[in-house]
Protein chains: 2
Amino acid sequence: MSIGAIEAGGTKFICGIGNDNGEIEDQISFPTEHPEQTLPKVIQYFQDKQVEAIGIGSFGPIDIRPDRKTYGYVTTTPKPGWGNYDMLGILKREFSVPFGWDTDVNAAAFGEAKWGAAQGLSSCLYYTVGTGVGVGVYSEGKLVHGLVHPEGGHVLTRRHPDDVFSGVCPYHGDCLEGMAAGPAIEARWGKKGHELPRDHSAWEMEAFYIAQSITGAILLNSPEKIILGGGVMQQSQLFPLIRKAVLENLNGYVSSSVILDHIDDYIVPPGLGQQAGLCGALALGLTARDHQISAL
Amino acid sequence: MSIGAIEAGGTKFICGIGNDNGEIEDQISFPTEHPEQTLPKVIQYFQDKQVEAIGIGSFGPIDIRPDRKTYGYVTTTPKPGWGNYDMLGILKREFSVPFGWDTDVNAAAFGEAKWGAAQGLSSCLYYTVGTGVGVGVYSEGKLVHGLVHPEGGHVLTRRHPDDVFSGVCPYHGDCLEGMAAGPAIEARWGKKGHELPRDHSAWEMEAFYIAQSITGAILLNSPEKIILGGGVMQQSQLFPLIRKAVLENLNGYVSSSVILDHIDDYIVPPGLGQQAGLCGALALGLTARDHQISAL
């Protein structure tokens with residue numbers, strides 16, 4: 001029997017089934033519309049799949065604390081229909097199997113730790129830089145939840161000396177997301193990222209902001225691997241720029257050869273490529289199944 | 001029988017014994033000199049104490065990964081005699097009991113989670129702001145180690161608009177420690193912190209930097225409690241300034257009533273007061289004892 005996986009993104013949903021080895025055996029994708037359009041498609045996909053468990057990595061903010069009444073809800077999103085929406089509850093009423101439930105970026109971090117770039121490690125951070133910026137945190141062998149869940153895309157930034165752009169985050173203006181997500185690039189340069197040449201100064205500036213937040217995260221959490229995914233990170237010229245800026249920022253302070261001598265293996269693209277999110281949801285489903293088995 | 005506790009600070013060592021309830025039954029303190037002077041005093045103190053286990057919270061950087069050859073060492077400190085020094089090994093040769101070993105700030109975070117301000121929670125951050133700035137990270141019921149260990153005192157900061165001070169960190173100049181530790185206050189204002197009036201503008205600026213790093217840490221890790229200790233935090237007028245600045249920085253983005261409605265209970269002084277570090281070392285010792293018992 002298979003495990004179900006749902007990557008519930010703000011732009012599109014991906015549903016799939018996979019196995020214990022992290023292999024996706026089938027998948028479909030459709031745009032994220034109003035939940036009354038979207039959830040029936042999810043339910044229909046899994047209707048005849050006979051899955052043992054389902055894992056969901058969802059856009060947020062979501063409630064991932066089982067001790068709260070709104071556990072399983074998408075909470076304060078402005079996305080029409082999704083605010084205060086009981087996504088997990090709706091699906092649980094349809095399928096009486098164990099469910100795993102976490103943020104999309106925590107799921108991706110978990111997938112990468114299980115089968116990807118952080119395999120065998122007990123900590124990693126997964127950044128997605130795209131329409132927004134999100135950060136999944138995996139630490140000491142556990143996904144970090146805490147009070148709400150990590151929201152590391154909104155950390156405050158120090159301004160690049162050549163940057164006069166005010167930022168696009170409606171909450172913070174010039175936080176990381178406000179300065180470095182896709183919409184910020186487009187607003188600052190008048191073009192989408194993929195329309196800018198690879199040697200445009202936009203990329204050094206982009207790397208500056210991303211590297212700054214990574215530096216802070218290295219200092220605070222000391223992760224064993226930093227994984228950078230999302231649409232903006234398809235610009236592969238960013239990786240060497242980010243690595244260089246991180247080393248400059250740290251200035252030798254964190255004296256680990258993993259960082260100082262092997263930065264190319266420390267700050268990396270997802271080992272699972274575009275499947276990091278869906279594989280992560282699969283991993284959440286597997287864990288939910290195994291917890292139920294061990295509780296029997 | 002009792003548990004031994006060692007708070008190995010850069011300025012002074014505190015050794016004590018305590019019990020399962022977190023009560024310290026006896027303690028002594030002496031200045032941190034060359035290890036050849038200091039360690040014999042530690043050994044002498046515990047010689048006749050018949051402890052079941054010993055926990056150590058140490059100044060750093062230290063090696064806390066058991067899979068490394070230098071596990072138990074103080075590593076790259078410039079402090080004379082302590083660089084690349086096998087503190088844990090020396091003590092293990094004297095006392096054949098289980099040892100707990102972590103950073104001073106992780107120990108304090110652990111003590112606060114067990115008996116202090118974060119009791120019953122599964123996550124907290126412990127900041128010490130004094131001669132330096134350190135951050136202990138407790139997350140999902142575990143102390144965070146990762147690649148090296150947290151070094152959150154060195155996160156980069158955004159400049160206060162009225163601040164032209166260049167910072168005193170030898171690695172980063174104007175990182176958090178460079179801008180907000182005791183020596184930075186003294187260098188910027190020409191007076192020690194305790195010599196400045198409580199309504200001096202120094203405190204608003206100090207709160208600005210501390211709040212900024214706390215905001216980043218809330219966004220990245222979503223801790224359930226933030227505990228602020230250390231000499232500089234004896235200036236209690238800082239707490240309301242920091243809380244206000246954190247709320248302004250977040251601007252409602254993390255919508256949890258724990259933060260938005262109860263910030264006075266969210267950002268707090270240590271519940272264990274000045275004993276947070278020693279109680280934390282005691283907690284490390286207890287955990288080491290219990291691990292050994294469960295392994296038998």
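Just so it is clear: chains get the letters A, B, ... in the order the sequence lines come, proteins before strands, and each one is counted from 1. These numbers come from a predicted model, not from an experiment.
- Between atom SG of residue B:C175 and atom OH of residue A:Y253 there is a gap of 8.5 Å, rounded to the nearest 0.5 Å.
- By number of non-hydrogen pairs under 4.5 angstrom with chain A, the leading residue of B:T75, B:V155, B:L176, B:L125 is B:V155.
- Of the residues considered (B:R159, B:E224, B:Q212), B:E224 shows the highest number of contacts with chain A, using heavy-atom pairs under 4.5 Å.
- B:L250 touches chain A through its backbone: at least one of N, CA, C or O sits under 4.5 Å from a heavy atom, while the side chain does not.
- Proximity to chain A at a heavy-atom threshold of 4.5 Å picks out B:V135, B:V137, B:S139, B:E140, B:K142, B:L143, B:V144, B:H145, B:G146, B:L147, B:V148, B:H149, B:P150, B:E151 from residues 134-151 of chain B, in numerical order.
- For a heavy-atom cut-off of 4.5 Å, chain A lies close to no residue in residues 103-110 of chain B.
- There is no contact between A:R68 and chain B, counting heavy-atom distances below 4.5 Å.
- Looking at A:S222, both its backbone and its side chain come within 4.5 Å of chain B, counting heavy atoms on both sides.
- With a threshold of 4.5 angstrom between heavy atoms, A:P223 approaches chain B through N, CA, C or O but not through any side-chain atom.
- No part of A:L121 comes within reach of chain B, as not one of its non-hydrogen atoms sits under 4.5 angstrom from that chain.
- When each of B:T157, B:I218, B:T76 is scored by its heavy-atom pairs under 4.5 Å with chain A, the top score falls to B:T157.
- Taking every heavy atom of both residues into account, B:D174 and A:R158 meet most closely at OD1-NH2, 3.2 Å.
- The CG atom of A:N221 sits 4.0 Å away from the CG atom of B:N221 when rounded to the nearest 0.5 Å.
- Chain A forms more heavy-atom pairs under 4.5 Å with one residue of B:T215, B:V254, B:V258 than with any other, namely B:V258.
- Contacts of A:S255 with chain B are made by side-chain atoms alone, with heavy-atom separations under 4.5 Å and no backbone atom involved.
- Distance check: B:S122 OG to A:R65 CZ gives 6.0 Å after rounding to the nearest 0.5 Å.
- Here the closest heavy-atom approach between residue B:N249 and residue A:H172 is recorded as O-CD2, 3.1 Å.
- Counting heavy-atom neighbours within 6.0 Å of A:K244 NZ, excluding the residue itself, gives a total of 12 or less.
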